[in-house]
Each structure stands twice: as C-alpha cells, then as structure tokens.
Amino acid sequence: MSRTGTSKERLRPISGFPEWTPEYRAVELEWIDRLRAVFESYGFASIEPRSVEPVEVLLKQGDTDKEIYAIGRLAADPGDRPEPAYGLHYDMTVPMARYVAANLNRLSFPFKRYQIQKAWRGERPQEGRFREFLQCDIDVVDTRELPLHFDAEIPAIMREAMAAIGAGPVVTRISNRKVLEGFYAGLGVADTANAIRIVDKLDKAGPDGVGAMLSAELGLDGATIGRMLALAEISGADASVVERARALGVESELLERGLDELGFVMAELSRFPEGEFVADLSIARGLAYYTGTVYEAKFADFPDFPTICGGGRYDDLVGGLIARRMPGIGISIGLTRVFAKLVAEGRIAPGRKAPTDILVVHTRGAPYRTVRETADALRRRGFRVEQYHEDRKLNAQLKYASEKGIPWIWFPPAEEGGRHEVKNSETREQVPADPAAWTPAGPPGRES
RNA sequence: GCGGGCGUAGCUCAGGCGGUUAGAGCACCAGAUUGUGGAUCUGGGGGUCGUGGGUUCAAGUCCCAUCGCUCGCCCCA
C-alpha cells in the first residue's frame, strides 16, 4: 500500500464516509434541532457519552467484532498490548448501558435520554449503509420494571420525530420476541435464539430459504418449520393478529404474555392513521438482547431500502457490568440513512449556503472602522452579519451576496456621520436606514 | 470475504481503430463593466490519463497485476 499517495488519492472520497455541502448541512442541523425539540417535549435529556468503549463492552452484544473500528496510535510503543483495547462505538445502546451503570448514583430513574451522535461500522458500504453515520437514539431504562405503556409511547414519539423532519410516509412493523420465543418453545424448538435470527432473514431469503436454513442449521422437521412460517405470515393492523396467532394452537405461557403485550401496544397505536403501524410476526430483529416488543420502520415509498428505525424492549443490558438487572426500551433512527436517501431522491430542498442575514459591503472610500462598527452594531441587535473585507468594486460584492443568498445588503456611509442604506436583495429596493433601529419588513427577513 | 462495472482537470464526462504539444461543460482567476448583483462575451491558471509492470519504433488507448470508487452477495446494527 502506498504510504504517501498522489495528491489525487488524498482528495478522493472515502467510501462510506459521507460529507455534505453547507446548504445540506444546514438542513441536517435543522433536523437535529427539530428532533431535539420532539424528544425534549417528552422529557428526554441529552447526553453525549464518549465515542470509544473498551472492546469487551462493545463485544458484549454479539460477534460483530469485524465491524468494530479499533483505535490506537499510529506508532505504537514496544510495550503496547497487541490487541486493541478500545473501539469506536457502532451503536449507542450498549454504550448507553455502560454509561448508566457507571453513573447510577447520579441519575434519576426511570432514566430517559436521547443521543444524537456519530457511530462507526467497518462494513462494506452500499446504498443506505455507511461507515460513519449519525444515529439518533431514545431509550428509557429503569432499576425496576418498566410499565408496558412505554412500549406504546416510544413508537409514537418516533412517529412524531419522523414527521418533524419531513421524512415522508413511514411504515412501522411491530412484533414481540415473547410471541416468537414462546411459540417456538411451545413447538419444542430448543435453540429459540438462533431460530429467531434465521426467521429474521425472511424478507431477504423468503420462506423457502428460511425453511431450508431452519432445517439445515437447527435440524427442525417440516411440520415444525411449517408452523413457524405460518406464524411469520401473520400481519395486520388490529387485534385480529393476536387471534390468528392463538388459532395456530400452540400452548405456551410466554406466548400468551407476548400476545397480551402485542395486543396492548397495537390497541394503543390504533389511534394513528391506518397503515402506519402494523403488527407483523415476521419481524424478529437479529439482535440478541431484545426480549419483548420490537420495532422496525421503513420508508413507505422505498420498501426495498433498509430499515430506517429500529428498536425494542430489553430485560437487561447492564447485567454483565453491574450486579443488578435493568430493563429498558428504546428506538433508534438512522439519521444519515434517512437523510442520504432523501437527498438522493431529490426530496430535500437545500438550505442557504450561509446563515448570514446581512452583508455589510465596503462602501468605496469608507474607513474600515465605519464598516466594522456598522456590522458590530447590527450584530449586537441579533442579526447574523458579515462584512465584506475588501474595498472592491461593488459588482463583486453584490455578486458575493447573491451567490450566498444573503437577503439584505447594508451600505455604510462613505464618511463618518453619513447616511446608511439597506437594500432588499430580492426586491432590489434600497432605502435609508439606521443600524440602531432598522428591522426587516416582511420577507425575506430572518430565517424562519 | 465473493462477483460485476468504472478510474482522463477541483466536479461531470468525451477521446478510446495505439501515432506530433490530451479536450468540453461546470467551478476558479482576470477583464469587458471608471461602484448597484445572479446574464453574456473574451482571456487565463489547472492533467506525471489511479499506481506499478509488460507488449511496441510509439501506450490515455492493448495485456497483467495492484489500489480505489461503485453496484450486488455475505453479514447486519
């Protein structure tokens, strides 16, 4: 591998590490603000834990170790341990559990937090799959049992969040791990965890593929597989899902509890427009730690695009870290995934190239001090102001303002004590104005 | 990790039957325009044709390798 590379190589994009120009970053920032507002309206507090965790904390979740970016110094010392000690987090759930465990005496429970942070994954990038991406999580964790009501509140918050950023129509499919585990156990399937992992591939592998895997990997017979697939075929927006699952005739206490939970959640969500929330017993989610309700959301318009929100309930995330159990529930929005897709589809109107409200031009011959003080005065009054730092021909200065979409242009006097003028970029109307008193009349005005 | 496609200016690409100093549009800089804008015109800067090797009198062009990007598969937060 070339160490230096050509200058061309140094400029090339790095696969899976997206970058945006200012007018799109402006939209992304706007999204973050709106998401914060939604989460905070439900009482979720923001935290920003460190981006690195001990590798063993990250691995607690499963054997996805190949996806973890390890950190280390470029030039290691001779005595450094060969294995990476720290890795960049690849999601926020388990790291959040570590944070909660480490700060138990300082947090109040139930602890409700949101995190909007970068995460890193060393996978092969594809559409909707990045190696560096913004993830947006909300979770509730408690030291005692969390009421089932949270299972219904979390997707409602997520729905509001997606609406706030204008993500377009989203379909959220909901299932319950207890239903699957209870059903499988009732059928006599021993390895329910692996059965769930395999069934989770239904949308990609199809019923035949999943059946073959269940047979090959778990040695299940055709009749058992047939009933498992029959369960997975059940979906619908109302309580009939529960009845149809019961009608399959498998007896299990866990299954009953799961069906009760699912029925409650669906009943609660029935207040939303039909089709937004659908019970779907083919949804399993690959992750090992889920133990109850699970969610998976997709764009209604792009059904082949990967999951844009996912989450669910877990009985315990901190058990391996501290000597107690801590149940929780949460959901995560793949912000970069949503954003990049909507950009690619042309559904995002770019923002402005700069936040500037007013450009103070350098009037020919005006003392620099006059220009600067004019800009300062306007800035003190709350406007976002930049000054043109060159006594250059006006053409160039005005062109600069129009390229950046700056709505107001301010003309300071050529000599101290002279008259100021301000011009509306859109209407090109120019009038005398006092920097100490002027307020924009109507649009474009300040960013709304 | 596996398979397909593609690497030519900062960006998007043309050239691609090997043949003198490699092109366009956009972007950038300057001027036309002696201080009131998005246009137009003129000029300018900018390339070891991803990298290494091979074939040839001659390689951006053909062959091999390699790296990167990209799409799909595997995997899956």
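Here is how names work: the chains are called A, B, and so on, in the same order as the sequence lines, proteins then strands, and each is numbered from 1. Computation of the quantities below employed the complete heavy-atom set of this structure, encompassing side-chain atoms and omitting hydrogens, waters and symmetry-equivalent molecules.
Using atom C1' as the reference point in both B/G4 and B/U42, the two lie 47 Å apart (nearest Å). Taking the C1' atoms as reference points, B/U20 lies 46 Å from B/C2, given to the whole Å. B/C13 and B/A22: their C1' atoms are spaced 14 Å apart (whole Å). With both ends at atom P, the span from B/C49 to B/A9 equals 10 Å, rounded to whole Å. One C1' atom belongs to B/C71, the other to B/G19, and the distance between them is 37 Å to the nearest Å. A distance of about 23 Å separates the P atoms of B/C67 and B/C11, rounded to the whole Å. Spacing of C1' atoms, B/U61 relative to B/G15, comes out at 9 Å, to the nearest Å. Rounded to whole Å, the separation between the P atoms of B/G60 and B/G50 comes to 10 Å.
Partners of A/Arg392 according to the salt bridge (Lys or Arg N to Asp or Glu O under 4.0 Å) rule, which considers only residues two or more places apart in sequence or in another chain, do not exist here. Remark: A/Phe411 pairs with no residue by the ring-ring contact (aromatic ring centres under 6.0 Å, His included) rule, at least two apart or across chains.
Distance CZ (A/Phe17) to C1' (B/C69): 14 Å, rounded to an integer number of Å. Between the C1' atom of B/U34 and the CG atom of A/Leu394 lies a distance of 13 Å, rounded to the nearest Å. In this structure, CG of A/Leu202 is placed 14 Å from P of B/C75, rounded to the nearest angstrom. To the nearest angstrom, P of B/G38 lies 16 Å from CG of A/Asn424. A/Phe130 places its CZ atom 14 Å from the C1' atom of B/C71, with the value rounded to the nearest Å. Whole-Å rounding puts the A/Glu127 CD to B/G5 P distance at 21 Å. Rounded to an integer number of Å, the gap from CG of A/Asp200 to C1' of B/C74 is 15 Å. The distance from atom CZ of A/Arg197 to atom P of B/C74 is 13 Å, rounded to the nearest whole Å.
For A/Leu398, the listed nucleotide lying nearest its side chain is B/G37; candidates were B/C69, B/A30, B/G37.
One cannot find a donor-acceptor pair under 3.5 Å joining the base of B/U33 and the side-chain atoms of A/Lys393. Between the base of B/U36 and the side chain of A/Asn395 there is no donor-acceptor pair shorter than 3.5 Å. Side-chain atoms of A/Gln430 come within donor-acceptor range of the base of B/U36, with a qualifying N/O pair under 3.5 Å.
Using a cutoff of 4.0 Å between basic side-chain nitrogens and carboxylate oxygens, A/Glu217 and A/Arg197 are scored as salt-bridged. Taking a cutoff of 4.0 Å between a charged side-chain nitrogen and a carboxylate oxygen, A/Glu261 and A/Lys178 qualify as a salt bridge.
Within 4.0 Å (heavy atoms only), A/Tyr400 reaches no atom of the nucleic acid at all. Using a 4.0 Å heavy-atom cutoff across all strands shown, A/Ser332 reaches no nucleic acid atom at all. Here A/Asp391 lies in heavy-atom contact (under 4.0 Å) with a base. Nucleic acid contact for A/His362: base, since at least one base atom lies under 4.0 Å from a heavy atom of the residue. A/Arg428 comes within 4.0 angstrom of a nucleotide base, judged by non-hydrogen atoms across all strands.
Dashed line: the shortest gap from a side-chain N or O of A/Gln126 to OP1 or OP2 of B/C76 is not under 4.0 Å. Applying the 4.0 Å criterion to OP1 and OP2 of B/C76, one finds that A/Lys201 has a side-chain N or O inside that range. Regarding contacts with the backbone of B/C76, every side-chain N or O of A/Arg131 stays at 4.0 angstrom or more from both OP1 and OP2. The phosphate of B/U70 has OP1 or OP2 within less than 4.0 Å of a side-chain N or O from A/Ser15.
Judged purely by atom type and a 3.5 angstrom limit, A/Arg177 uses its side chain to pair as donor or acceptor with the backbone of A/Tyr290.
Within the model, atoms CD1 of A/Ile116 and CD1 of A/Ile32 stand 6.0 Å from one another, a figure rounded to the nearest 0.5 Å. To the nearest 0.5 Å, atom CG of residue A/Leu58 and atom NE2 of residue A/His89 are 9.0 Å apart.
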Toss me the dot-bracket line for RNA chain B: Watson-Crick and G-U wobble, both under 3.5 Å, 5' to 3', using | for pairs to another strand and [ ] for crossers.
(((((((..((((.....[...)))).(((((.......))))).....(((((..]....))))))))))))....

Evaluate A/Phe17 against A/Trp120 for ring pair (Phe, Tyr, Trp, His ring centres under 6.0 Å), listing each step before the verdict.
CA-CA 9 Å; A/Phe17 289 78; A/Trp120 294 268; 8.5 Å; no

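The aromatic rings of A/Tyr388 and A/Tyr400 lie perpendicular to each other, with more than 60° between the two planes, well past the 30° mark.
Where A/Pro306 and A/Arg129 meet RNA chain B, the nucleotide closest to each residue was compared, and A/Arg129 sits on the side nearer the 5' end.
Stacking between A/Phe411 and B/U36 is present: the aromatic ring centre lies within less than 5.5 angstrom of the base six-membered ring centre, and the two planes differ by under 30 degrees.
A donor-acceptor pair shorter than 3.5 Å cannot be found between the side chains of A/Asp280 and A/Ser235.
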